[in-house]
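One structure is given here, and the rest of the page talks about it.
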Amino acid sequence: TREPQLALRNNTLHTPRLTRTTTPTNPTTTLNPNGTILITGATGALGKLIAHHLITHHHITHLHLVSRRGPNAPGATQLHQELTALGAHITLTAADVTNPHHITQILNQIPTQHPLTGIIHAAGTLDDGIFTALTPHRTSTVLHPKTDAAHHLHHATQHLTTLTTFILFSS
(Lines give C-alpha, C1' and ligand atoms only; values in the text may rest on other atoms or scores of the structure.)
Protein backbone atom coordinates (compact mmCIF):
# COMPACT_ATOMS: atom_id res chain seq x y z
CA THR A 1 0.00 0.00 0.00
CA ARG A 2 3.09 2.25 0.34
CA GLU A 3 1.66 3.51 3.63
CA PRO A 4 4.02 3.50 6.64
CA GLN A 5 1.17 2.57 9.01
CA LEU A 6 -2.18 0.88 8.69
CA ALA A 7 -4.75 -0.23 11.22
CA LEU A 8 -7.29 -2.95 10.56
CA ARG A 9 -10.52 -2.41 12.48
CA ASN A 10 -13.67 -4.45 11.76
CA ASN A 11 -12.32 -5.49 8.36
CA THR A 12 -11.63 -1.86 7.40
CA LEU A 13 -8.18 -0.42 6.75
CA HIS A 14 -7.45 2.94 8.39
CA THR A 15 -4.54 5.20 7.52
CA PRO A 16 -3.37 7.91 9.95
CA ARG A 17 -3.63 11.45 8.55
CA LEU A 18 -3.08 14.89 9.99
CA THR A 19 -5.85 17.32 9.22
CA ARG A 20 -6.40 20.97 10.02
CA THR A 21 -9.05 21.85 12.52
CA THR A 22 -10.83 25.10 13.14
CA THR A 23 -11.95 24.18 16.64
CA PRO A 24 -9.42 24.73 19.44
CA THR A 25 -8.43 21.43 21.02
CA ASN A 26 -7.77 23.02 24.43
CA PRO A 27 -9.72 25.73 26.16
CA THR A 28 -7.84 28.99 26.57
CA THR A 29 -6.90 29.73 30.14
CA THR A 30 -5.97 33.22 31.22
CA LEU A 31 -3.24 33.28 33.83
CA ASN A 32 -3.73 35.65 36.74
CA PRO A 33 -0.88 38.21 36.61
CA ASN A 34 -1.31 38.93 40.35
CA GLY A 35 -0.98 35.32 41.41
CA THR A 36 2.16 33.27 41.90
CA ILE A 37 3.27 30.59 39.48
CA LEU A 38 5.42 27.80 40.91
CA ILE A 39 7.93 26.29 38.47
CA THR A 40 9.79 23.12 39.41
CA GLY A 41 13.02 22.35 37.59
CA ALA A 42 13.24 26.11 37.19
CA THR A 43 17.00 26.42 36.70
CA GLY A 44 17.06 23.83 33.93
CA ALA A 45 16.79 24.74 30.26
CA LEU A 46 13.03 24.17 30.07
CA GLY A 47 12.32 25.93 33.36
CA LYS A 48 14.24 29.02 32.26
CA LEU A 49 12.32 29.20 28.98
CA ILE A 50 9.00 28.83 30.76
CA ALA A 51 9.84 31.58 33.27
CA HIS A 52 10.78 34.00 30.48
CA HIS A 53 7.65 33.11 28.53
CA LEU A 54 5.34 33.62 31.51
CA ILE A 55 6.75 37.09 32.14
CA THR A 56 6.99 38.31 28.55
CA HIS A 57 3.83 36.75 27.09
CA HIS A 58 1.47 36.35 30.04
CA HIS A 59 2.64 39.30 32.16
CA ILE A 60 3.14 37.17 35.25
CA THR A 61 4.93 39.19 37.90
CA HIS A 62 5.38 36.63 40.72
CA LEU A 63 7.32 33.45 40.13
CA HIS A 64 8.49 30.94 42.71
CA LEU A 65 11.30 28.99 41.09
CA VAL A 66 12.31 25.66 42.60
CA SER A 67 15.19 23.37 41.74
CA ARG A 68 17.38 20.90 43.58
CA ARG A 69 20.19 23.43 43.95
CA GLY A 70 18.08 26.60 43.89
CA PRO A 71 20.22 29.75 44.09
CA ASN A 72 23.37 27.58 43.97
CA ALA A 73 22.55 26.10 40.56
CA PRO A 74 24.76 27.15 37.66
CA GLY A 75 23.30 30.28 36.07
CA ALA A 76 20.76 30.84 38.87
CA THR A 77 22.06 34.31 39.76
CA GLN A 78 21.97 35.39 36.12
CA LEU A 79 18.46 33.94 35.71
CA HIS A 80 17.27 35.82 38.79
CA GLN A 81 18.75 39.07 37.44
CA GLU A 82 17.25 38.58 33.96
CA LEU A 83 13.77 37.86 35.27
CA THR A 84 13.90 40.71 37.77
CA ALA A 85 14.99 43.06 34.98
CA LEU A 86 11.86 42.00 33.09
CA GLY A 87 9.79 43.26 36.02
CA ALA A 88 9.05 40.07 37.91
CA HIS A 89 9.35 39.34 41.61
CA ILE A 90 11.38 36.13 41.84
CA THR A 91 11.74 33.70 44.73
CA LEU A 92 14.38 31.02 44.11
CA THR A 93 14.32 28.00 46.41
CA ALA A 94 16.40 24.84 46.70
CA ALA A 95 14.17 21.85 47.40
CA ASP A 96 13.58 18.22 46.56
CA VAL A 97 10.04 18.17 45.14
CA THR A 98 9.87 14.41 45.60
CA ASN A 99 9.73 15.13 49.34
CA PRO A 100 6.21 16.11 50.50
CA HIS A 101 7.67 18.03 53.47
CA HIS A 102 9.71 20.21 51.10
CA ILE A 103 6.61 20.90 49.02
CA THR A 104 4.73 22.02 52.14
CA GLN A 105 7.60 24.36 53.03
CA ILE A 106 7.58 25.83 49.51
CA LEU A 107 3.82 26.40 49.57
CA ASN A 108 4.05 28.07 52.98
CA GLN A 109 6.50 30.62 51.51
CA ILE A 110 4.00 31.87 48.91
CA PRO A 111 2.58 35.22 50.04
CA THR A 112 -1.17 35.36 50.64
CA GLN A 113 -1.42 38.66 48.71
CA HIS A 114 -0.15 36.74 45.61
CA PRO A 115 -1.68 33.27 46.05
CA LEU A 116 -0.61 30.22 44.12
CA THR A 117 -2.52 30.25 40.83
CA GLY A 118 -0.38 27.93 38.74
CA ILE A 119 2.10 25.06 38.90
CA ILE A 120 4.39 24.10 36.07
CA HIS A 121 6.18 20.87 36.93
CA ALA A 122 9.26 20.69 34.71
CA ALA A 123 11.64 18.98 37.14
CA GLY A 124 13.24 15.79 35.96
CA THR A 125 16.26 13.59 35.63
CA LEU A 126 17.68 12.69 32.24
CA ASP A 127 18.91 9.16 31.52
CA ASP A 128 18.48 8.58 27.81
CA GLY A 129 18.91 5.11 26.46
CA ILE A 130 17.42 2.60 24.11
CA PHE A 131 14.43 0.70 25.39
CA THR A 132 16.22 -2.62 25.73
CA ALA A 133 18.92 -0.99 27.90
CA LEU A 134 16.43 0.38 30.45
CA THR A 135 16.56 -1.34 33.79
CA PRO A 136 14.06 -1.02 36.63
CA HIS A 137 16.61 1.12 38.52
CA ARG A 138 17.16 3.49 35.58
CA THR A 139 13.43 3.76 34.98
CA SER A 140 12.73 4.47 38.65
CA THR A 141 15.48 7.09 38.78
CA VAL A 142 13.94 8.96 35.85
CA LEU A 143 10.30 8.60 36.90
CA HIS A 144 10.80 9.48 40.58
CA PRO A 145 11.14 13.28 40.12
CA LYS A 146 8.34 13.29 37.53
CA THR A 147 5.64 11.05 38.92
CA ASP A 148 6.25 11.16 42.67
CA ALA A 149 6.69 14.94 42.68
CA ALA A 150 3.55 15.41 40.54
CA HIS A 151 1.61 13.20 42.95
CA HIS A 152 2.85 15.16 45.99
CA LEU A 153 2.19 18.53 44.33
CA HIS A 154 -1.34 17.42 43.48
CA HIS A 155 -2.13 16.26 47.01
CA ALA A 156 -0.61 19.34 48.63
CA THR A 157 -2.60 21.74 46.44
CA GLN A 158 -5.88 20.03 45.60
CA HIS A 159 -7.72 22.11 48.20
CA LEU A 160 -6.56 25.46 46.75
CA THR A 161 -9.37 27.31 45.04
CA THR A 162 -6.94 29.84 43.53
CA LEU A 163 -5.01 27.16 41.61
CA THR A 164 -6.30 27.27 38.03
CA THR A 165 -3.34 25.87 36.10
CA PHE A 166 -1.39 22.66 36.70
CA ILE A 167 0.94 21.72 33.85
CA LEU A 168 3.16 18.64 33.78
CA PHE A 169 6.11 18.33 31.41
CA SER A 170 7.57 14.94 30.60
CA SER A 171 9.09 12.94 27.81
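All residue numbers in this chain count up from 1 along the given sequence.
A donor-acceptor pair is defined here as one N or O able to donate and one able to accept, closer than 3.5 Å; no such pair exists between the side chain of Asn10 and the backbone of Thr12. No donor-acceptor distance shorter than 3.5 angstrom exists from the side chain of His62 to the backbone of His114, with no hydrogens or angles considered.
Leu107 and Ile120 end up in different hydrophobic clusters when Ile, Leu, Val, Met, Phe, Trp and Tyr side chains are linked at under 4.5 Å. Side-chain heavy atoms closer than 4.5 Å link hydrophobic residues (I, L, V, M, F, W, Y) into clusters, and following such links, even through other members, never connects Ile106 to Leu92.
The shortest distance between side-chain heavy atoms of Arg69 and Pro74 falls below 4.5 Å. For the pair Leu163/Ile119, a side-chain contact is recorded, criterion being any heavy-atom separation below 4.5 Å from C-beta on. Taking 4.5 Å as the limit, some side-chain heavy atom of Leu79 sits within range of a side-chain heavy atom of His52. Using a 4.5 Å heavy-atom cutoff, the side chains of Asn32 and Thr164 are not in contact. Residues His121 and Val97 are in side-chain contact: their nearest non-hydrogen atoms beyond the backbone lie under 4.5 Å apart. Contact of the Thr93 side chain with the Gln109 side chain is registered, since non-hydrogen atoms from C-beta on lie closer than 4.5 Å. Counting heavy atoms from C-beta outward, Leu65 and Leu83 have side chains that approach closer than 4.5 Å.
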Enumerate, atom names and distances included, each donor-acceptor pair closer than 3.5 Å involving a side-chain atom of residues 43-50, sequence neighbours excluded.
residue	atom	partner	partner atom	Å
Thr43	OG1	Ser67	OG	3.1

Under 3.5 Å, sequence neighbours excluded: what are the donor-acceptor pairs made by side chains of residues 151-160?
residue	atom	partner	partner atom	Å
His152	NE2	Thr98	O	3.3
His154	NE2	Gln158	OE1	3.3
Thr157	OG1	Leu153	O	2.7

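Taking each heavy atom of Thr40 and Ala122 in turn, the nearest pair found is OG1-N, 3.0 Å. Among all heavy-atom pairs drawn from Ile103 and Ala149, the shortest one is CD1-O, 4.2 Å. When all heavy atoms are compared, the tightest approach of Gly70 to Ala76 is O-CB, 3.4 Å. Between Thr77 and Pro71, the shortest heavy-atom contact is OG1-O, 4.4 Å.
Taken to the nearest 0.5 Å, the CG atom of Leu143 stands 9.0 Å off from the OG1 atom of Thr141. Going from atom NE2 of His14 over to atom CG of Leu8 covers 8.0 Å, rounded to the nearest 0.5 Å. Separating the CD1 atom in Ile110 from the CG atom in Asn108 is a distance of 9.0 Å, to the nearest 0.5 Å. Going from atom NE2 of His80 over to atom CD1 of Ile90 covers 6.0 Å, rounded to the nearest 0.5 Å.
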Problem set entry | Test log, rule side chain to side chain contact (heavy atoms under 4.5 Å, CB included), inputs Leu86 and Thr56 | CA-CA 8 Å; Leu86 291 172; Thr56 59; 4.0 Å; yes
For this session: Let me see the working for Leu63 and Ile55 under side chain to side chain contact (heavy atoms under 4.5 Å, CB included), right down to the final yes or no.
Result: CA-CA 9 Å; Leu63 294 176; Ile55 296 166; 3.7 Å; yes
Problem set entry | Steps toward side chain to side chain contact (heavy atoms under 4.5 Å, CB included) verdict (Ile39, Leu54) | CA-CA 10 Å; Ile39 303 175; Leu54 287 171; 3.8 Å; yes
For this session: Given side chain to side chain contact (heavy atoms under 4.5 Å, CB included), test Thr117 with Leu31 step by step and report yes or no.
Result: CA-CA 8 Å; Thr117 56; Leu31 298 173; over 6 Å; no
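Among residues two or more places apart in sequence or in another chain, the side-chain contact (heavy atoms from CB on, under 4.5 Å) test is passed with Ser140 by none. Checked against side-chain hydrogen bond (donor to acceptor under 3.5 Å, both in side chains), Arg138 has the following partners two or more places apart in sequence or in another chain: Asp127. Looking at residues two or more places apart in sequence or on another chain, you find no salt bridge (charged side-chain N to carboxylate O under 4.0 Å, His left out) involving Arg9. Partners of Leu18 according to the side-chain contact (heavy atoms from CB on, under 4.5 Å) rule, which considers only residues two or more places apart in sequence or in another chain, do not exist here.
Checking Glu82 against Gln78 by side-chain atom types alone, a donor-acceptor pair falls below 3.5 Å. Defined by atom type and a distance below 3.5 Å, a donor-acceptor pair is missing between the side-chain atoms of His64 and Thr36.
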